[in-house]
4 protein chains.
Amino acid sequence: MPSVPEPVRPGRKRSESSRTAILTAAWELTVELGYPGLTVEGIAARAGTGKQTIYRWWPSKADVLLDALALKADVQIGLDDHGSYAADLRQFLDRSFVLGLNPSVMRVMRTLMAQAQIDPEFGACFREQFLARRRAAFEVLASRAVERGDFPAGRSPALDARLVFGLLWYEVLAAPPPLDSGSADAAPHALADALIDLLTRSLTPEELA
Amino acid sequence: MPSVPEPVRPGRKRSESSRTAILTAAWELTVELGYPGLTVEGIAARAGTGKQTIYRWWPSKADVLLDALALKADVQIGLDDHGSYAADLRQFLDRSFVLGLNPSVMRVMRTLMAQAQIDPEFGACFREQFLARRRAAFEVLASRAVERGDFPAGRSPALDARLVFGLLWYEVLAAPPPLDSGSADAAPHALADALIDLLTRSLTPEELA
Amino acid sequence: MPSVPEPVRPGRKRSESSRTAILTAAWELTVELGYPGLTVEGIAARAGTGKQTIYRWWPSKADVLLDALALKADVQIGLDDHGSYAADLRQFLDRSFVLGLNPSVMRVMRTLMAQAQIDPEFGACFREQFLARRRAAFEVLASRAVERGDFPAGRSPALDARLVFGLLWYEVLAAPPPLDSGSADAAPHALADALIDLLTRSLTPEELA
Amino acid sequence: MPSVPEPVRPGRKRSESSRTAILTAAWELTVELGYPGLTVEGIAARAGTGKQTIYRWWPSKADVLLDALALKADVQIGLDDHGSYAADLRQFLDRSFVLGLNPSVMRVMRTLMAQAQIDPEFGACFREQFLARRRAAFEVLASRAVERGDFPAGRSPALDARLVFGLLWYEVLAAPPPLDSGSADAAPHALADALIDLLTRSLTPEELA
DNA sequence: GCCTAACCGAGACGGTACGTCGGGTCTTGGG
DNA sequence: CCCAAGACCCGACGTACCGTCTCGGTTAGGC
């Protein structure tokens with residue numbers, strides 16, 4: 001590895017403590033006040049930094065929030081091989097629901113998805129750094145199933161991905177925001193069951209043939 | 001119902017021309033500049049009205065836009081009985097895609113969905129006046145299928161609705177915004193085909209049993 | 001007077017109370033903190049107005065201060081005819097010194113003259129609305145003396161004006177700022193005496209001839 | 001005097017090239033952009049130095065400018081004995097006008113005088129290092145005249161000094177800034193003639209008595 | 001045929017946050 | 001110990017919109 005990506009620039013180094021203080025402040029303010037209450041001035045004030053330090057490193061406050069999400073909730077969702085497409089799907093959906101239905105995480109994700117619609121610049125960033133990665137994770141499952149031979153014939157992983165993420169996001173975006181405490185957790189898991197059932201059972205006709 | 005809903009108030013009547021000018025201006029500004037470029041002052045200026053006239057009749061600019069959507073695109077999607085769940089689904093999905101992939105309509109819908117995430121007040125309004133109506137329309141199809149007896153056994157209309165709307169919205173929200181001209185129209189229809197196939201074919205095993 | 005200078009514009013009228021509150025606040029802040037401590041934000045905060053209201057009516061904070069000077073100290077200095085150039089000069093100088101050596105007024109005048117050097121835009125305004133008016137006042141005295149016949153032969157009112165205002169301003173600008181209490185008041189009046197003596201006595205050689 | 005004034009401090013010596021680069025940059029920026037365009041960051045950038053190097057050696061940018069004035073224009077004005085108060089005055093005024101009406105020098109002097117009003121710290125410095133020196137130079141002339149016996153009886157050198165410097169500074173500060181090219185040079189010299197005439201002729205009545 | 005209530009346009013108002021600029025300090029690596 | 005570079009905290013800038021509040025003027029019932 002002879003290549004040095006950072007050619008030893010002169011001058012003071014970026015402050016890691018400021019970085020994490022900013023991300024934490026952004027996360028907290030979003031959870032407490034929602035996106036309209038998230039202001040660059042507020043982040044700077046709570047983080048004890050100058051506004052310029054925020055503008056120097058992030059193009060918009062939505063980008064701050066995206067970094068904060070990566071810092072806060074480790075979005076990586078395990079991809080262990082459970083031996084079957086159904087079992088892999090189950091784990092993927094369960095963990096996604098657990099993560100996405102956490103009120104704080106959910107609020108931030110709703111906010112990010114909303115902002116991605118409104119700000120094209122950030123939209124591209126969000127799609128690349130979040131949505132695409134999640135989709136890539138799903139593709140690991142699907143291609144594993146294809147190799148294993150238990151991916152339903154006559155269907156494409158592309159559709160399955162869209163159905164899975166569509167269900168997840170629609171649940172997040174179309175449902176009323178959780179009032180305060182953890183509301184019904186049963187329903188989403190029933191949905192996951194039904195979806196898995198649909199996506200895996202539908203291969204039977206082919207097998208019968 | 002002899003009672004008059006509007007108790008014949010005295011004074012000048014609401015100006016219909018101002019109302020439509022405001023809705024048109026809001027629509028155009030959103031399409032041209034996106035939501036950040038949609039300001040109450042801008043709407044008033046383009047519509048040639050005072051700001052107060054907007055604040056008098058709508059609680060927020062997102063509500064203006066929601067009214068504008070109702071004015072502009074007739075969102076009603078036909079629900080003719082085509083004799084089978086598959087055919088009904090086909091028409092529903094086709095018309096939804098045609099409507100939702102129109103760049104102007106799509107931009108406004110993305111904006112409204114985004115705003116619904118950010119502003120809880122408007123979120124409730126959007127869910128009631130838009131999402132719930134679309135879901136009700138789908139339920140007509142589903143219950144028709146149930147009565148007709150060709151709704152797949154072992155599944156619930158609730159899941160189907162979520163899969164249908166999840167797919168539609170995910171396509172709208174997760175895709176990059178259309179650059180300018182009408183981009184690929186083929187893909188969405190292939191998706192619709194595959195979804196219909198999945199939702200209708202999966203009943204066969206049951207029938208076989 | 002058929003001409004109407006203000007053609008009855010529509011919309012809300014300018015608030016007189018905001019105007020005076022702004023001018024008062026600007027005056028006080030300058031006296032208390034000096035020009036570097038005079039900020040538009042500070043004026044707005046103390047006056048209880050929005051910043052925009054200041055920017056709407058004045059091009060810079062120096063212009064606010066110039067208006068405040070006109071409001072606060074009535075800069076008009078009496079020009080009664082005292083029968084001779086010497087007596088008129090005496091009153092003019094006395095009143096000018098009394099006004100200009102008032103610590104508050106002096107601080108503001110130093111500030112305005114300084115700002116006029118730094119900001120060409122305001123410099124033009126200050127010269128027209130302040131310096132030129134003071135010079136015009138002096139010219140009334142001088143031309144009265146010329147008509148009366150007791151203006152010293154062989155000299156021009158232009159030089160006298162420059163000497164008078166030069167002395168006044170040099171005293172204000174070159175002297176250290178008054179620390180706190182009223183410092184020596186005797187010296188300036190002695191200067192005035194000597195200047196009057198010089199400007200009026202110098203006509204004697206001519207008279208002798 | 002074996003003692004070394006600078007106690008041979010250890011470490012790297014002050015860079016003379018940085019010093020002159022900073023002074024030159026400050027002068028140029030003031031002439032080009034005026035005082036508002038003179039920033040420490042700008043000086044450092046043009047001089048190719050760090051900001052810290054400026055803060056290390058000068059308390060404010062006005063002090064930099066004062067040093068730059070000393071470097072640039074040799075402000076010393078000759079004090080040769082011309083045999084009479086009138087002739088000495090003439091040379092003093094002529095050279096002062098020549099220097100002060102040079103557009104670049106004038107702009108810097110206006111700026112320094114302005115800054116001296118606004119910043120008390122620098123004001124003290126400017127009065128000591130600039131105004132007081134000029135006044136001392138004038139006093140050499142005056143005391144020479146007193147010794148020689150041709151200083152006008154019944155007047156004080158203090159008044160003459162104030163009139164001379166008052167006229168000079170008022171001309172600089174109250175006149176509109178020169179647009180670009182050298183404007184009327186005749187008028188100031190006529191003023192100088194008239195002032196000399198006034199200050200020297202006025203002694204005749206006394207002599208007659 | 002006036003009243004009078006509600007509408008309308010215009011636009012000034014008190015605010016909040018924006019994104020930028022510059023000040024003055026601190027940190028890094030090199031001379 | 002000096003120096004260039006540059007990140008840091010901070011405060012003010014001037015702008016953009018917000019949502020509210022007068023203004024004068026317009027439109028209709030209802031007396």
Side-chain angles (χ1 to χ4, degrees), chain A residues 8-19 36-45 47-57 59-61, chain B residues 8-15 17-18 36-45 47-57 59-61, chain C residues 8-19 21 36-45 47-57 59-61, chain D residues 9-15 17-18 36-45 47-57 59-61:
Chain A
V8 195
R9 289 190 309 156
R12 187 174 174 175
K13 294 293 180 296
R14 176 171 183 183
S15 158
E16 178 60 22
S17 68
S18 287
R19 200 187 80 92
L38 178 70
T39 67
V40 175
E41 303 209 322
I43 298 171
T49 83
K51 288 199 289 177
Q52 197 62 48
T53 302
I54 299 175
Y55 286 113
R56 199 175 353 250
W57 301 108
S60 81
K61 50 189 179 173
Chain B
V8 196
R9 289 185 304 166
R12 187 175 174 176
K13 292 293 179 296
R14 175 172 182 183
S15 158
S17 69
S18 286
L38 178 70
T39 67
V40 176
E41 302 209 321
I43 299 171
T49 87
K51 289 200 293 175
Q52 196 65 268
T53 304
I54 298 175
Y55 286 113
R56 210 185 331 261
W57 301 107
S60 80
K61 52 188 179 173
Chain C
V8 195
R9 289 190 311 155
R12 188 174 174 174
K13 295 292 180 296
R14 177 171 182 181
S15 159
E16 178 59 22
S17 68
S18 286
R19 201 188 79 93
L38 178 70
T39 66
V40 175
E41 301 209 324
I43 298 171
T49 84
K51 286 199 290 177
Q52 197 62 47
T53 303
I54 299 176
Y55 287 112
R56 198 172 356 248
W57 301 109
S60 79
K61 51 189 178 170
Chain D
R9 290 186 302 166
R12 186 172 172 176
K13 292 293 178 297
R14 175 170 182 183
S15 158
S17 69
S18 286
L38 178 70
T39 67
V40 175
E41 302 209 322
I43 298 171
T49 89
K51 289 201 291 176
Q52 197 65 268
T53 303
I54 298 175
Y55 286 114
R56 210 185 332 262
W57 301 108
S60 79
K61 54 188 179 172

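Here is how names work: the chains are called A, B, and so on, in the same order as the sequence lines, proteins then strands, and each is numbered from 1. Side chains included, hydrogens not; waters and symmetry mates left out as well; all remaining heavy atoms used.
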Exercise for the section: For Gly42(C), report the nucleic acid contact type (base, sugar-phosphate, nothing); a contact means any heavy atom under 4.0 Å. Expected result: nothing
Handout entry: Partners passing side-chain contact (heavy atoms from CB on, under 4.5 Å) against Ala21(C) (at least two apart in sequence or in another chain)
Key = Ala47(C)
Problem - Among dG9(E), dG14(F), dC18(F), the nucleotide that comes nearest once only the side chain of Lys61(B) is considered - result: dC18(F)
Practice task
Report the distance from atom CG of Leu38(B) to atom C1' of dC18(F), rounded to the nearest whole Å.
Solution key: 13 Å
Handout entry: Nearest-angstrom distance from the residue atom CZ of Arg19(C) to P of dA12(E)
Key = 16 Å
Practice task
Using heavy atoms to find the nearest nucleotide of DNA chain E for Ser18(C) and Thr49(B) separately, return the residue whose nucleotide is more 5′.
Solution key: Thr49(B)
Handout entry: Interatomic distance, Ile54(A) CD1 vs dC18(E) C1' [rounded to whole Å]
Key = 12 Å
Practice task
Give the rounded distance in Å between these two atoms: CZ of Arg14(D) and P of dA4(F).
Solution key: 11 Å
Fill in the blank from the handout: Whichever of Gly50(B) and Pro36(D) has the more 5' nearest nucleotide on DNA chain E, that residue is Gly50(B)
Practice task
To the nearest 0.5 Å, tell me how far Lys13(A) NZ sits from Ser15(A) OG.
Solution key: 13.0 Å
Practice task
Could you run through nucleotides 25-31 of chain E and give me one letter per nucleotide, 5' to 3': B if any protein heavy atom sits under 4.0 Å from the base, S if only the sugar-phosphate is that close, - if neither?
Solution key: BBBB-BB
Fill in the blank from the handout: Value for CD1 (Ile54(B)) from CD (Glu41(B)), rounded to nearest 0.5 Å, stands at 9.5 Å
Practice task
Verify the contact: side-chain N or O of Trp57(C) to OP1 or OP2 of dC13(E), cut-off strictly under 4.0 Å; return yes or no.
Solution key: yes
Problem - Side chain of Thr53(C) (C-beta onward), nearest among dC13(E), dC18(F), dC8(E) - result: dC13(E)
Exercise for the section: Can you measure from NZ (Lys51(D)) to OG1 (Thr53(D)) and round to the nearest 0.5 angstrom? Expected result: 11.5 Å
Handout entry: Minimal non-hydrogen separation, Lys61(B) against Thr39(B), with atom names
Key = NZ-CA, 4.5 Å
Fill in the blank from the handout: Testing dG24(E), dC9(F), dA7(F) for proximity to the side chain of Val40(D), the answer is dG24(E)
Handout entry: Heavy-atom closest contact (Ala44(C) atom, Gly50(C) atom, distance)
Key = CB-C, 4.1 Å
Problem - Separation of atom CD in Glu16(C) from atom P in dA12(E), rounded to whole Å - result: 15 Å
Exercise for the section: Select one nucleotide: of dG23(E), dC18(F), dC3(F), the one nearest the side-chain heavy atoms of Glu41(D). Expected result: dG23(E)
Handout entry: Cation-pi, Trp57(C) ring and Arg14(C) (6.0 angstrom, 45 degrees)
Key = yes
Exercise for the section: Measure from the side-chain heavy atoms of Arg56(B) and tell me the nearest of dA12(F), dC7(E), dC18(E). Expected result: dC7(E)
